[in-house]
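Each remark here refers to the structure printed beneath this line.
We count ligands from 1, going down the list as the structure has it; atoms in each ligand are counted the same way.
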Amino acid sequence: MSIAPPNVELKPGTIQFLESGPKKLLLGGEWLDSADGAVFESINPANGKGLVQVAAASSADVDRAVQAARGAFENASWNRMSGADRGNLLWKIADLIERYTDELSELETLDNGKPLRVSSRVDVPQAAKHFRYYAGWASKIEGSTIPVSFPNQLVYTVREPMGVVGLIIPWNFPLLMAAWKLAPALACGNTVILKPAEQTPLTAIRLGEILIEAGVPAGVVNILTGYGVPTGAAITAHPGIDKVAFTGSTEVGRKIMSAAAGSNLKRVSLELGGKSPNVVFADADMSRAIRGATWAVFSNTGQECVAGTRLFVERPVYDQVLEGLAADSQKIRIGNGFSGAHLGPVVSEEQLERILGYIASGKSGGAEVVTGGERLGGELADGYFLPPTVFAHHDDSLQVVQEEIFGPVVAVSAFDDWDELVARANATQYGLAAGVWTRDISRAHRFAAAVKAGTVWVNQYGLIDAAAPFGGYKESGFGREMGKDAIELYTQVKTVWVNLG
Ligand code: ADP
């Protein structure tokens, strides 16, 4: 097909998915057009061309989805299903994701732009791993018995599902973000309405087909493609939805919280933006630290909420790290995700313009562009390609140092002492993640204790696993996904008092 580079043969399943006509909404187990017939086009960011038409859900479709999800929640085929059986279902979903790895990876690369080897070795297998991990939890969701101060009482707790849960996800890891939320939500017995990002709806739609093939009962998972407004906004304001789990920008997170407060006080969990500090001490293993700092920020073309975008380097090794970072950045191959490139384009023209705006503001604020900074042209001119961009600066108040750019841009500066470092590392509104590179193990732990971040990596960066809790401090959000914590996120506790007297 013309949408991949000329020498790339897409798998038959991928071609069939793209050529089988406009994509619909999954409502009550059926694929349906939106109530008002509205559609939008999903764009391939590597060449700016349309991939396929997708239904744009309206608030009437949100009503339909809530009805389907509520019906399924009350229906015995779901609410009487044992945890063990829900676990089997999740395991089957993981098997099918693995079986369809090739086409899911191709769709992810076409829609998001990321290199095929990343889609096929990270996004898709990690999505399957999330379903397997929560398959195990589904049969282990327990309460406790509680000794109270009154005599003759049996007091116990049970963890019950929230009910109907809205899952609103971003475009940087489309399938994986769906898995992060769907797997624990289903393990806990909820029914859901999933809204993928408008930039990258395709793998969520394909996942919907997989869920049906796995035998997920009708209405348990409803998928509404569409824009933030009206689709996402209608989900957050709907009184029939009990909880919203969101990953995206802090700005939208605020809107979601106030919509939830203004409707039925629905539960909210938010995984939001970041501006994570990554710290290199002079005693670090320099080659590992430089390579690690490079990938900490440029991985996924910088479109990661945990990206190590503020790099603090101890003064004696500042020049060495800056030069090494620039040299490593220049070796990164940028290109179409099917071409063997290390990095693909950014996700959209709008995002490209936003990043270029930040780069211009960094320059005009006095930061020095060490490498990168210009949109790539030539054979990449039709896509949204930017090279890794390294800013050296002396001013933490710059926008490029304070605000989340969500693109391949790092702001590097020197530090001289511990107190200065800790104060500067913590001096943003965000607190999602942090990294530290040092051979001094007690200093590493001291930094982990001092930094206000939900995840800290020592002598590495960016590892995430279904078993390890993940989430933000400060305005990076609240609620912890993954691990046992996500079970708490998707259940509520009921306390039962029995009079034994
Ligand atoms: P990003 O900045 O990464 O694009 P956003 O926070 O804008 O992230 O979007 C993340 C998700 O939130 C997407 O699915 C988007 O459609 C949705 N969204 C955007 N605006 C709203 C809104 N006002 N209410 C609910 N969801 C929204």
Side-chain angles (χ1 to χ4, degrees), residues 25 34 38 40-43 45 54-59 61-62 65-66 111-114 165-178 180-182 192-205 207 222-238 241 243-263 266 268-275 300-307 309 345-355 357-358 384 403-409 429-430 432 472 475-477 481:
L25 310 173
S34 57
F40 65 101
E41 193 162 49
S42 195
I43 306 288
V54 179
S58 65
S59 58
D61 298 310
V62 175
V66 171
D111 212 15
N112 166 282
K114 67 179 66 193
V165 179
L167 310 175
I168 301 180
I169 58 170
W171 43 258
N172 55 344
F173 292 88
L175 181 70
L176 186 52
M177 292 292 134
W180 277 22
K181 294 189 168 22
L182 266 175
V192 310
I193 298 167
L194 171 69
K195 195 202 90 65
E198 57 271 32
Q199 296 85 350
T200 55
L202 299 189
T203 46
I205 299 168
L207 180 63
N222 304 277
I223 300 179
L224 296 182
T225 43
Y227 291 98
V229 181
T231 317
I235 290 172
T236 56
H238 202 292
I241 295 179
K243 173 192 164 80
V244 167
F246 172 73
T247 297
S249 60
T250 293
E251 184 193 347
V252 173
R254 282 184 211 287
K255 292 183 188 166
I256 286 178
M257 238 182 123
S258 73
S263 55
K266 59 176 61 66
V268 173
S269 53
L270 303 174
E271 199 265 275
L272 307 177
K275 194 75 189 177
N300 214 39
T301 318
Q303 302 168 121
E304 289 190 2
C305 48
V306 296
T309 46
V346 300
V347 77
S348 65
E349 183 141 35
E350 185 190 356
Q351 187 62 12
L352 178 79
E353 292 305 329
R354 226 181 129 243
I355 301 166
Y358 273 113
Y384 315 128
E403 295 181 18
E404 183 176 51
I405 299 175
F406 230 65
V409 183
Q429 69 186 110
Y430 297 113
L432 192 58
E475 292 174 39
S476 290
E481 301 195 281

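Contacts between Val229 and ligand 1, counted as non-hydrogen atom pairs separated by less than 4.0 Å, involve the side chain only.
In this structure, Ser34 contributes its side chain and Ala57 its backbone to no donor-acceptor pair below 3.5 Å. Remark: side-chain polar atoms of Asp61 are not paired, donor with acceptor, to backbone N or O of Leu224 under 3.5 angstrom.
A salt bridge is defined here as a Lys NZ or Arg NE, NH1 or NH2 lying under 4.0 Å from an Asp or Glu carboxylate O, and Glu403 with Lys275 fails to meet this definition.
Put simply, the side chain of Val54 reaches to within 4.5 Å of the side chain of Ile205, judged on heavy atoms. Val347 is listed as a side-chain neighbour of Gln303, based on a closest heavy-atom distance under 4.5 Å. With contacts defined as side-chain heavy-atom distances shorter than 4.5 Å, the pair Glu481/Thr247 qualifies.
Counting the atoms of ligand 1 from 1 in the order shown, those under 4.0 Å from a heavy atom of Gly232 are 24 (N), 25 (C), 26 (N). Atoms of ligand 1 found under 4.0 Å from any heavy atom of Ile169 (numbered from 1 in listed order, with element): 11 (C), 13 (C), 14 (O). Of all atoms in ligand 1, numbered sequentially from 1 with element shown, those under 4.0 Å from a heavy atom of Trp171 are 1 (P), 3 (O), 4 (O). The contact set between ligand 1 and Glu198, taken as ligand atoms under 4.0 Å from a residue heavy atom, comprises 15 (C), 16 (O).
Inside a 4.0 Å radius of atom 2 (O) of ligand 1 there is at least one protein heavy atom.
Going from atom CE of Met257 over to atom OG1 of Thr250 covers 12.0 Å, rounded to the nearest 0.5 Å.
A donor-acceptor contact closer than 3.5 angstrom is absent between the side chains of Thr200 and Asp111.
Figure legend: cation-pi geometry between Lys114 and Phe173, with NZ or CZ positioned under 6.0 Å from the six-membered ring centre and within 45° of its axis.
Any N or O atom pair closer than 3.5 Å counts here, and Ser249 shares at least one such pair with ligand 1. Checking only distances, Phe406 never comes within under 3.5 Å of ligand 1, N or O to N or O. Checking only distances, Thr247 never comes within under 3.5 Å of ligand 1, N or O to N or O. When only interatomic distances are considered, the shortest N/O to N/O separation between Lys255 and ligand 1 does not fall below 3.5 Å. Considering backbone and side-chain atoms together, Thr236 places no N or O closer than 3.5 Å to any N or O of ligand 1.
Nearest residue to atom 27 (C) of ligand 1 from Pro174, Gly166, Gly248, Gly228 is Gly228 (criterion: closest heavy atom).
Protein heavy atom closest to atom 21 (C) of ligand 1, with residue, atom name and distance, is Val252 CG1, 3.4 Å. For atom 17 (C) of ligand 1, the nearest non-hydrogen atom of the protein is Ile168 CG2, 3.7 Å. The protein atom (non-hydrogen) at minimum distance from atom 12 (O) of ligand 1 is Phe246 CE1, 3.2 Å.
Using bins of under 30°, 30° to 60° and over 60° for the plane-to-plane angle, the ring pair Trp171/Phe406 lands in the perpendicular bin.
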